[in-house]
Amino acid sequence: MTHKLIRNAAHLVTMDETRRELTGADIRIKNGVIAEIGRELPLNGAESLDASGCLITPGLVNTHHHLFQTLTRAVPAAQDALLFGWLKVLYPIWARMGPEEIRVSTQLGLAELALSGCTMSSDHLYLFPNGARLDDSIEAAKTIGLRFHPTRGSMSIGESKGGLPPDALVEDEAAILRDSERLIDACNDRAEGAMLRVGLAPCSPFSVSRELMRDSAILAREKGVRLHTHLAENDEDIAYSLENFGCRPGDYAEQLGWTGEDVWHAHCVKLDGREIDLFARSGTGVAHCPCSNCRLGSGIAPVRAMRDAGVPVGLGVDGSASNDAGDLASEARQAMLLQRVGFGADAMSAREALEIATLGGATVLGRPDCGAIAPGKRADIAIWDISGLDSAGSWDPVALLLAGPRRVRDLLVEGRAVVSGGVLTGLDAGMLVERANRLARQLVND
């Protein structure tokens with residue numbers, strides 16, 4: 001039996017039902033689950049972890065990523081392009097990847113997330129060049145130790161049929177569905193506390209057919225897994241939907257069974273009021289990716305209106321080719337700042353941004369067992385050192401988190417240390433950086 005006691009936290013943000021915040025708090029963990037919260041709890045034979053001078057939060061949750069992109073940060077020709085032009089530059093580069101690139105890129109992206117306080121991440125892998133499979137990402141994720149929600153993405157409509165991706169990167173739709181079923185049967189864990197859950201994620205309405213969107217939804221519901229795609233990301237996205245489908249993206253999603261509590265869409269920057277109401281009524285979730293939206297000039301997502309209407313909203317860092325980084329704590333700060341820029345200084349508080357980054361993300365991914373620090377919840381915990389120079393002078397440690405410490409001191413997933421003393425426990429970070437840079441140079445020179 002694993003038994004840990006985190007002791008004497010300077011400040012604990014629980015995100016429980018009453019949003020309690022405690023000082024001088026202890027947390028007892030047994031078998032990967034939070035067993036008890038209080039002050040001066042007895043050791044009772046537990047392994048002790050001192051949290052003096054630290055802020056403790058639930059682990060952050062990343063609801064949208066393309067981990068394969070971590071080897072293609074800051075590609076010069078894509079730097080100043082809007083979404084569709086950006087994709088046109090990058091598709092040929094991604095087509096040169098293979099299984100090794102997918103594995104190393106996944107490790108690199110998840111390691112970066114872990115150091116930023118993330119304990120659970122989704123991933124959207126929608127291209128499989130040169131024999132790569134989603135299995136490569138899944139195996140790589142095990143070496144980092146985060147809770148992982150990979151999605152079997154897909155593209156089936158290439159340029160020759162009016163789609164955006166090159167024909168070399170699209171797949172046969174029957175083969176996509178067969179592989180989707182294989183992955184669900186082989187990898188999806190429905191149990192509470194699962195470390196691995198698989199979803200289905202056709203890339204976007206402009207890269208797959210209406211039939212594949214519909215059939216993916218049918219298969220997902222037969223198998224009891226979640227659905228994910230990109231939606232209403234920018235003005236080009238809206239124009240494409242109107243021209244090709246004769247309706248807005250929200251209407252298109254509803255027609256094909258892509259609304260409901262088992263669905264979450266990435267971006268949704270351009271949802272209108274009627275679409276927001278649709279998402280709220282149906283419980284459809286949104287992965288808000290503020291840094292990527294800024295980077296690609298897509299706009300400011302109406303998160304304040306979504307939250308007020310009752311739409312489930314989580315945060316996503318998106319791929320590092322459109323974000324340049326995978327820092328989830330910084331993403332929370334950017335979410336707060338953008339809502340203030342767009343809708344007023346009182347549009348979003350630091351605590352609400354942190355709630356979106358923790359409990360909000362867990363809700364979007366269908367994980368009621370995660371996202372909060374409370375008895376019975378999984379022990380996914382971020383411990384932040386707020387005793388240093390970047391925290392000095394602060395009156396509010398929660399507001400400080402979004403501007404102060406950039407890296408966790410300790411990160412626990414299922415009660416196990418993924419980061420200890422600011423260092424990843426599962427792999428050699430230096431060796432990972434060396435491998436990643438070697439592969440990135442090869443992509444540059446090919």
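Worth saying up front: this structure is predicted, and the values here are computed from it rather than measured.
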Sub-3.5 Å donor-acceptor pair from the side chain of [X] to the main-chain atoms of [Y], do we have one?
X      : Y      : result
Arg73  : Asp324 : yes
Thr63  : Leu315 : yes
Thr284 : Val263 : no
Glu21  : Leu12  : no
Glu181 : Ile176 : no
Arg147 : Cys370 : no
Glu233 : Val269 : no
Asp385 : Pro405 : no
Thr151 : Gly153 : no
Ser391 : Ser387 : no

Is a side-chain donor-acceptor pair under 3.5 Å present for [Y] with [X]?
X      : Y      : value
Ser52  : Asn8   : yes
Asn62  : Ser121 : yes
Gln69  : Ser322 : no
Arg28  : His3   : yes
Trp94  : Thr72  : yes
Ser204 : Ser207 : yes
Asp318 : Ser292 : yes
Ser420 : Arg409 : no

Find the distance between [atom1] ([X]) and [atom2] ([Y]) and round it off to the nearest 0.5 Å.
X      : Y      : atom1 : atom2 : result
Thr229 : Tyr126 : OG1   : OH    : 10.5 Å
Thr143 : Gln107 : OG1   : CD    : 3.5 Å
Met336 : Leu338 : CE    : CG    : 10.5 Å
Met120 : Leu110 : CE    : CG    : 13.0 Å
Glu101 : Leu443 : CD    : CG    : 5.5 Å
Leu134 : Cys187 : CG    : SG    : 7.5 Å

Indicate yes or no: does [X] engage [Y] in a salt bridge with an N to O separation below 4.0 Å.
X      : Y      : answer
Asp235 : Lys270 : yes
Arg307 : Glu355 : yes
Asp135 : Arg182 : yes
Asp396 : Arg351 : yes
Asp346 : Arg340 : no
Asp136 : Arg103 : yes
Asp179 : Arg152 : yes
Arg367 : Asp369 : yes
Arg304 : Asp308 : yes
Asp327 : Arg407 : yes
Glu414 : Lys4   : no
Asp26  : Arg39  : no

Are [X] and [Y] close enough that some pair of their side-chain heavy atoms sits under 4.5 Å apart?
X      : Y      : answer
Phe279 : Cys268 : yes
Val433 : Arg435 : no
Ile381 : Ile56  : yes
Thr259 : Arg281 : no
Val408 : Ile383 : no
Ser48  : Leu43  : yes
Gln442 : Arg96  : no
Leu49  : Leu5   : no

Residue pair Glu192, Lys377: steps toward the salt bridge (charged side-chain N to carboxylate O under 4.0 Å, His left out) verdict: CA-CA 10 Å; Glu192 183 171 333; Lys377 299 288 187 179; over 6 Å; no

Shortest non-hydrogen separation from Ser116 to Leu60 and the atoms involved: O-CD1, 3.5 Å

Asn293 to Gly299 - nearest heavy-atom pair and separation: CB-O, 3.5 Å

His230 and His228 aromatic ring geometry - parallel, tilted or perpendicular at 30°/60° bounds: tilted

Criterion salt bridge (charged side-chain N to carboxylate O under 4.0 Å, His left out) on Arg197 and Asp189, from CA distance to verdict: CA-CA 5 Å; Arg197 286 194 181 160; Asp189 184 354; 5.9 Å; no

Candidate pair Leu354 and Thr57, rule side-chain contact (heavy atoms from CB on, under 4.5 Å), full reasoning: CA-CA 9 Å; Leu354 181 59; Thr57 69; 4.1 Å; yes

Working for side-chain contact (heavy atoms from CB on, under 4.5 Å), residues Ile373 and Met15: CA-CA 6 Å; Ile373 297 175; Met15 289 299 166; over 6 Å; no

Using a 6.0 Å cut-off, check whether atom [atom1] of [X] has over 12 heavy atoms from anything other than its own residue.
X      : atom1 : result
Glu261 : CD    : no
Glu434 : CD    : no
Asp428 : CG    : yes

Stepwise side-chain contact (heavy atoms from CB on, under 4.5 Å) check, Met348 with Val303: CA-CA 9 Å; Met348 182 172 289; Val303 174; 3.8 Å; yes

Test log, rule ring pair (Phe, Tyr, Trp, His ring centres under 6.0 Å), inputs His267 and His64: CA-CA 9 Å; His267 302 298; His64 184 65; 5.3 Å; yes

Stepwise side-chain contact (heavy atoms from CB on, under 4.5 Å) check, Leu67 with Leu125: CA-CA 7 Å; Leu67 286 163; Leu125 180 59; over 6 Å; no

